[in-house]
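Scope of the values below: all heavy atoms of this structure, side chains included, with no hydrogens, waters or symmetry mates. We count residues from 1, following the sequence as given.
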Amino acid sequence: MAAVTGASSISLIRSSPQQFHQNLALSRANGLRSVSLAGYGRSSLSFGLQQRSARLRVSCAAKPDTVEKVSKIVKKQLALPDDSAVTGESKFSELGADSLDTVEIVMGLEEEFGISVEEESAQTIATVQDAADVIEKLIEKNKA
């Protein structure tokens, strides 16, 4: 038996596995966000449903030496100690950078690599890896 308890949840009580899967599919189709289960005197179980983003992200994984150069520039621009761990996954915001710092990092990268990063591309840069990927894309584009 399934009972809708509100616009954002569904409760399943003593349902068979087949009924459970049908009701779970129904809850997804209707945009419900939580499901509660109870049955045969056992404790109930609740869990939430999360909608996944359909956004596709393609990464071209820049060369390690490019990532290293970007890491050094980021450390310099943010005045981080030499022993700071800055990797490809490091987010500028987690390293203490604000929007002005990010602009200065991009300017430092442009100077170091002899490229020009358009504003549209600059807005997509949030990590060291993002910056390295953009740089390599621009370098390849300039070679062609």
Side-chain angles (χ1 to χ4, degrees), residues 2-13 15-39 42-144:
V4 176
T5 59
S8 65
S9 68
I10 188 170
S11 294
L12 305 174
I13 303 169
S15 62
S16 70
Q18 184 179 9
Q19 288 172 319
F20 169 74
H21 290 293
Q22 288 171 345
N23 288 318
L24 189 57
L26 175 67
S27 69
R28 284 190 195 126
N30 290 326
L32 300 176
R33 290 199 162 81
S34 72
V35 176
S36 298
L37 304 174
R42 296 187 178 135
S43 61
S44 63
L45 170 69
S46 295
F47 58 93
L49 301 174
Q50 293 181 341
Q51 187 174 3
R52 296 283 183 173
S53 171
R55 192 175 109 188
L56 176 64
R57 181 175 178 165
V58 178
S59 177
C60 63
K63 297 174 192 166
D65 60 321
T66 304
V67 174
E68 183 61 32
K69 283 182 184 180
V70 172
S71 295
K72 287 180 182 178
I73 292 168
V74 169
K75 284 182 187 181
K76 179 182 174 188
Q77 292 292 333
L78 297 178
L80 297 173
D82 289 334
D83 62 346
S84 295
V86 177
T87 65
E89 294 80 30
S90 297
K91 293 183 180 182
F92 296 156
S93 60
E94 291 174 356
L95 296 172
D98 60 18
S99 58
L100 181 58
D101 291 323
T102 303
V103 169
E104 290 176 352
I105 289 169
V106 172
M107 289 171 52
L109 295 171
E110 288 176 327
E111 187 177 316
E112 175 69 25
F113 290 95
I115 57 170
S116 179
V117 179
E118 295 185 19
E119 185 177 343
E120 192 176 290
S121 295
Q123 291 177 350
T124 66
I125 298 173
T127 67
V128 170
Q129 185 68 51
D130 293 341
D133 291 344
V134 167
I135 290 165
E136 289 200 355
K137 239 186 268 182
L138 289 171
I139 290 172
E140 285 298 317
K141 184 179 173 183
N142 291 341
K143 286 181 181 178

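- Side-chain atoms of L138 and F113, non-hydrogen and from C-beta on, never get closer than 4.5 Å to each other.
- Tested against K72 for a side chain to side chain contact (heavy atoms under 4.5 Å, CB included), the candidates K76, K69, K75, E68 yield a single pass: E68.
- Atom CG of D133 sits about 9.5 Å away from atom OG1 of T124, to the nearest 0.5 Å.
- With rounding to the nearest 0.5 Å, the separation of CD1 in I125 from CZ in F92 is 6.5 Å.
- Here L78 contributes atom CG and T102 contributes atom OG1; the two are 8.0 Å apart, rounded to the nearest 0.5 Å.
- V117 and A122 get closest at one heavy-atom pair: CG1-N, 3.7 Å.
- Here the closest heavy-atom approach between residue V67 and residue A132 is recorded as CG2-CB, 3.8 Å.
- Interatomic distance, CD of E136 versus CD1 of I115, reported as 10.0 Å (0.5 Å rounding).
- Taking 4.5 Å as the limit, every side-chain heavy atom of Q77 sits out of range of all side-chain heavy atoms of D101.
- Expressed to the nearest 0.5 Å, how far CG of L95 lies from OG of S71 amounts to 9.0 Å.
- In terms of the side-chain contact (heavy atoms from CB on, under 4.5 Å) criterion, residue partners of T87 (sequence neighbours excluded) are, by chain and number, E89, S90.
- Looking at D130, its side chain does come within 3.5 Å of a backbone N or O of T127 through a donor-acceptor pair.
- The CD atom of E112 sits 10.5 Å away from the OG1 atom of T66 when rounded to the nearest 0.5 Å.
- Taking a 6.0 Å sphere around CG of D65, one finds it holds more than 12 heavy atoms contributed by other residues, nucleotides or ligands.
- By the 4.5 Å heavy-atom criterion applied to side chains, I105 and L109 are counted as neighbours.
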